[in-house]
Each structure stands twice: as C-alpha cells, then as structure tokens.
Amino acid sequence: MGDGWITADGEQMACGPVVLATGHSARDTYAYLMEAGYAVEPKPFSVGVRVEHLQEELDAALYGDPQLAQRLGHGEYQMSWRRGQRGVYTFCMCPGGEVVAAASETGGVVTNGMSRHDRGGKNGNAAVAVSVLPEDFGSNPAGAIAFQRNLEQAAFAAGGGDYSAPCQSVGNFYAGKSGGFGERVLPSYGNGRVRGADFNVLLPSFVCDMLKEGLHRFSGKIAGYDAPDVPLTGIETRTSAPVRILRNDNLTAIGRTLVYPCGEGAGYAGGIMSAAADGIRVALAILSRFKREI
C-alpha cells in the first residue's frame, strides 16, 4: 500500500492513500499538479460582488414584520435567475454579518462574507455572482486561474493599492458612475475601508449585464433589494474552484493509484455541505479498498 511523498521542507514520507483536499484557492498546488502531469480541466465558476442591506429591512421584507426576527432568527434568502447558459444567483448569505477580506495572494483584493454567532451585525450581506463559462477564459486551466487573478489585481488597484475594497452604490452601478454609496447602509468591509469605484470598468460586460438584471429581478422578490444607495463591494471571485482534478470511477486521480482528489478544491463540490459529502464518499472508497489491510 505504501508510496512516498516529499514535503515542502524536503522531508520524505512513506504513506498509503493520500486525500488531496486543498480548498478552492490552492493555486500553487494547481500549478504543481499541472506541471507534474496530473489531468486537470477547467470548469465553470462564478464572479461578482457582495451586496449589503440593513438586516432590519430584510427581516421586514421577508417576514412582513421585523419583530418576528426575535422569534424566528434573522431572515435569510437565496435567489437565482438564468438567461440562456448564463446564470446570476445569490450565494453565502450572511444575516447580521459583515463583508470580509479573503485574498490569498499579494496584490489582490477578494471579498467574502461571514456572520458571527449572534448574527448581531447591522447589515446582512450576500454574494451576487454570475456564471463564468470555459469559453470566457480560453477553455484551459491556466486561463481560468488567470481570469480570477486579473480581476483580483484590478480590484486591488481600484481600491488604492492598500487592500481597501472597491465599492459602488447600486444606483451608480446602473448609471455607470463611480462610487456613490451613502450613509444609510454603511459598507462593513474592513470597518468601512472601501474606496469608490465603478464595477462596469472592473468586471467584464457580460458579468455586469447579468448583475444588473439579477439585482432588478431580485428586487421583485425582496422589496428594496436594488435601492439606489445599497452598496456593492468587490470583488467576489472565489465562489468555487476554477478547475477540476480528474479522477477515475474509483475516485483516484487519473494515472495515480493512491491519490484521491476530494472536495471543493478538487472541483467536486460547491460549498461546505457538498464538500463534506464528497469527503465521506472518498473516505468510504478508501475504507472499502483497503479494509483487509486495516
């Protein structure tokens, strides 16, 4: 069952089956795997922005009475719209949460969202993301990673080069004017460390077109969703892995008998729960294969 691996420090390790569950931002690992001859293919992913609303207003829109949040918990939502092969959807909604920094490389700005245990923040936020298809970046793994990285570096520059995040009001996004976020809904990223920008310049036109269509349609489900002073903060590029490490029916990497690509980073999940489910699937495959030796 044994095989050998070498750590980043040069230490040689004898090992059996290896579960390759890197997470979806392990670009150095992706580069190593491609150089080492692993079969890697590009896959669809999504990019967009974080939208923030006053949580009290979301509770009122979702429940009809904001006081119900005291008994039911703060309101959450999930919405989507599709036109042809392209979709726009809300993702990772964080009630009473905040927009957070999630960059993993120097010179890039990436946004994400989180809620603390009490969900006591003034704002609720969610990603509003648009699907990116392989033909948008040249249908190759390196192009997929470069697509994300170029957007993150552009966001870094638009934020002033100090890891402030670009921000724009919905009204100005519709109108093609930079900045415009006001004081009613304050951006929560970095305790307000944002800078006015224009996502019409930062993001590809197909992303902007679908974002505008999505925001407008979602406002038909949640009143005030695209209010002119609602802030958008970006850029959200890490919704899922841009590549897939190919594996056989027995869940091992093609040409590697003991390596098990697993979860979101390997391209087989799209969130926490689906990644956990794939982890269980890989664990069961390993147990079944080696049960006599265990």
Quick one: do the Glu52 and Asn123 side chains pair a donor with an acceptor below 3.5 Å? yes
Give a yes or no on whether Gln12 atom CD has more than 12 heavy-atom contacts from other residues, nucleotides or ligands under 6.0 Å away. no
Answer whether the closest heavy-atom distance between the side chains of His74 and Asp118 falls below 4.5 Å. no
Contact check, side chains of Val132 and Pro44, non-hydrogen atoms, under 4.5 Å: no
Quick check: does any side chain N or O of Tyr163 sit under 3.5 Å from a backbone N or O of Gly107, one acting as donor and the other as acceptor? yes
Donor-acceptor contact below 3.5 Å, side chain Lys221 vs main chain Met79: no
Determine whether Gln55 and Pro95 make a side-chain contact, defined as any pair of heavy atoms from C-beta on separated by less than 4.5 Å. yes
Mark yes or no for whether Ser274, through its side chain, and Gly271, through its backbone, hold a donor-acceptor pair below 3.5 Å. yes
Roughly how far, to the nearest 0.5 Å, is CD of Glu105 from CD of Glu152? 6.5 Å
If you take the centroid of each ring, where Trp contributes its six-membered ring, are Phe45 and Phe137 closer together than 6.0 Å? yes
Does Ser131 use its side chain to pair, donor to acceptor, with the backbone of Gly87 at less than 3.5 Å? yes
Look at the rings of His53 and Tyr225 and say which category their plane angle falls in: under 30° parallel, 30 to 60° tilted, over 60° perpendicular. tilted
A side-chain contact here means heavy atoms from C-beta on lying under 4.5 Å apart; do Met210 and Arg82 qualify? no
For a quick test of your reading: what N or O donor-acceptor pairs under 3.5 Å do the side chains of residues 258-268 make, sequence neighbours left out?
| unit_1 | atom_1 | unit_2 | atom_2 | d |
| --- | --- | --- | --- | --- |
| Tyr260 | OH | Arg289 | NH1 | 2.9 |
| Tyr268 | OH | Ile245 | O | 2.8 |
| Tyr268 | OH | Arg247 | N | 3.1 |

Between Thr111 and Ile235, is the side chain to side chain contact (heavy atoms under 4.5 Å, CB included) condition met? List the steps. CA-CA 6 Å; Thr111 56; Ile235 291 177; 5.6 Å; no
Locate the shortest heavy-atom distance separating Arg195 from Phe181; write the atom from each residue and the value. C-CE2, 4.4 Å
Are Leu58 and Leu54 connected, step by step, through hydrophobic side chains (Ile, Leu, Val, Met, Phe, Trp, Tyr) whose heavy atoms are closer than 4.5 Å? no
Would you give me the side-chain donor-acceptor pairs under 3.5 Å for residues 60-70, sequence neighbours excluded?
| unit_1 | atom_1 | unit_2 | atom_2 | d |
| --- | --- | --- | --- | --- |
| Tyr63 | OH | Gly73 | O | 2.7 |
| Asp65 | OD1 | Gln67 | N | 2.9 |
| Gln67 | OE1 | Gln70 | NE2 | 2.9 |

Would you call Phe199 and Pro166 a side-chain contact if the rule is heavy atoms closer than 4.5 Å? yes
Are Gln148 and Thr237 close enough that a side-chain donor and a side-chain acceptor fall under 3.5 Å? no
Quick one: does any side-chain atom of Asn140 pair with a main-chain N or O of Gly143 as donor and acceptor, under 3.5 Å? yes
Near-ring test Tyr77/Phe218, centroid separation under 6.0 angstrom: no
Might you confirm whether atom CG of Leu284 has over 12 heavy atoms from other residues, nucleotides or ligands at distances under 6.0 Å? yes
No-hydrogen, no-angle side-chain donor-acceptor test under 3.5 Å, Asn200 and Lys212: yes
Ile145 and Pro242 have their tightest heavy-atom pair at CG1-CG, 4.1 Å
Taking atom CD as the centre, does Glu56 end up with more than 12 heavy-atom neighbours from other residues, nucleotides or ligands that are less than 6.0 angstrom away? no
Specify the closest pair of heavy atoms between Gly176 and Asp198, including all atoms of both residues, with the distance to one decimal. O-OD2, 3.5 Å
Atom of Arg256, atom of Thr252 and distance for their closest heavy-atom approach: O-CB, 3.4 Å
Report the distance from atom CG of Asn125 to atom OG1 of Thr233, rounding to the nearest 0.5 Å. 8.5 Å
Treating Ile, Leu, Val, Met, Phe, Trp and Tyr as nodes and any side-chain heavy-atom pair under 4.5 angstrom as an edge, say whether Val49 and Ile222 lie in one connected cluster. yes
Identify whether Val170 and Leu202 are in the same connected component of the hydrophobic contact network (ILVMFWY, side-chain heavy atoms under 4.5 Å). yes
Same hydrophobic cluster for Ile254 and Ile286, using side-chain heavy-atom links shorter than 4.5 Å among ILVMFWY? no
Thr22-Tyr30 side chain donor-acceptor pair, cut-off 3.5 Å: no
Minimum side-chain heavy-atom gap Glu41-Leu246 below 4.5 Å: yes
Is the number of heavy atoms from other residues, nucleotides or ligands within 6.0 Å of CZ (Arg116) greater than 12? no
Do Val130 and Val47 touch side chain to side chain, with heavy atoms closer than 4.5 Å? no
Measure across Asn112 and Cys92 and return the closest heavy-atom pair with its distance rounded to 0.1 Å. OD1-SG, 4.1 Å
If you look at every heavy atom in Leu151 and Pro204, which pair is closest and at what distance? CD2-CD, 4.0 Å
Tell me yes or no: between the side chains of Arg27 and Ser104, is some donor less than 3.5 Å from an acceptor? no
Check whether the side chains of Ser25 and Arg238 place a donor and an acceptor atom closer than 3.5 Å, and report yes or no. yes
From Ser164 atom OG to Tyr189 atom OH, the distance as rounded to the nearest 0.5 Å: 7.0 Å
Counting only heavy atoms from other residues, nucleotides and ligands, does the tally under 6.0 Å from OH of Tyr32 exceed 12? no
Heavy-atom side-chain contact between Cys94 and Arg50 under 4.5 Å: yes
Would you please test Leu211 and Leu232 for side chain to side chain contact (heavy atoms under 4.5 Å, CB included) and show each step? CA-CA 11 Å; Leu211 280 177; Leu232 306 172; over 6 Å; no
Applying a strict under-4.5 Å side-chain criterion to I, L, V, M, F, W and Y, I'd like to know whether Leu203 and Leu215 cluster together. yes
Check against salt bridge (Lys or Arg N to Asp or Glu O under 4.0 Å), Asp136 and Arg86: CA-CA 11 Å; Asp136 296 322; Arg86 193 86 63 187; 2.6 Å; yes
To the nearest 0.5 angstrom, please state how far the CZ atom of Phe91 sits from the OG1 atom of Thr239. 6.0 Å
Kindly indicate, with the supporting measurements, whether the criterion side chain to side chain contact (heavy atoms under 4.5 Å, CB included) is fulfilled by Glu98 and Val100. CA-CA 6 Å; Glu98 60 195 90; Val100 298; 3.8 Å; yes
Go through Glu213 and Trp81 one step at a time and tell me if the side chain to side chain contact (heavy atoms under 4.5 Å, CB included) criterion holds. CA-CA 9 Å; Glu213 186 169 348; Trp81 171 256; 2.8 Å; yes
